[in-house]
Structure formats: C-alpha cells, structure tokens
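Right, one structure below, let's go through it.
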Amino acid sequence: MSVTTDPVRSLVRQELLRLADLEEAAAAQEARAVPYWEPCPATVHGRRAAAHVLRADAERY
C-alpha cells in the first residue's frame, strides 16, 4: 500500500498536523499576553519547537 492510500498513515499525519496547530495557537496566545518590550516566556519557545517537531514527524507520513 502506498503512503497516500494507507488510511492509518494518513490519519496519523493529520493528527500530528492538528497537534502542531494547537501548539502554535497556544504559543501565539501566550505571546500576546506579554508586553512587546519583555521577552517571551520559555514556554512560547518550547511550544513553537514542539510544533516544529510535530510537523517534521508529519512529513514522514
């Protein structure tokens, strides 16, 4: 079965992308709460890194 026709692989990829979007949205929400002159909390950077890794994993599928 090819990657594009395997429904399980497709669902895993979709879920990874959904989770990445959730992490990006959470990072953006946290960043909005910080005044522009203050540095972003480490959690913002961590969530963005998690989103990046999730998207990279999704590309494997």
Side-chain angles (χ1 to χ4, degrees):
M1 212 178 253
S2 75
V3 173
T4 56
T5 60
D6 185 354
V8 173
R9 290 175 77 87
S10 178
L11 288 172
V12 169
R13 183 178 187 282
Q14 288 174 1
E15 183 63 12
L16 289 169
L17 291 173
R18 186 186 73 80
L19 291 171
D21 289 344
L22 288 174
E23 288 296 327
E24 279 291 338
Q29 184 176 359
E30 285 183 39
R32 277 192 299 271
V34 179
Y36 72 89
W37 61 85
E38 291 184 12
C40 285
T43 54
V44 171
H45 300 293
R47 288 185 179 279
R48 288 180 180 156
H52 177 76
V53 170
L54 288 165
R55 286 194 180 96
D57 282 346
E59 290 302 313
R60 295 183 328 169
Y61 293 95

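Fair warning: this is a prediction, and the values are worked out from it, not measured in the lab. Position 1 is the first residue of the sequence, and the numbers go up from there.
For E15, the CD atom is densely surrounded, since the number of other residues' heavy atoms within 6.0 Å is greater than 12.
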Please list, one pair per line, the donor and acceptor atoms closer than 3.5 Å that link side chains of residues 44-57 to other protein atoms, with sequence neighbours excluded.
residue	atom	partner	partner atom	Å
R47	NE	E30	OE2	2.7
R47	NH1	E23	OE1	3.1
R55	NH2	D21	OD1	2.9

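The hydrophobic cluster containing Y36 also includes W37, under a criterion of side-chain heavy atoms closer than 4.5 Å among ILVMFWY residues, counted directly or through chains of members.
Applying the salt bridge (charged side-chain N to carboxylate O under 4.0 Å, His left out) test to E59 and every residue at least two apart in sequence or in another chain returns R13. Under the side-chain contact (heavy atoms from CB on, under 4.5 Å) criterion, Q14 pairs with S10, L11, sequence neighbours left out.
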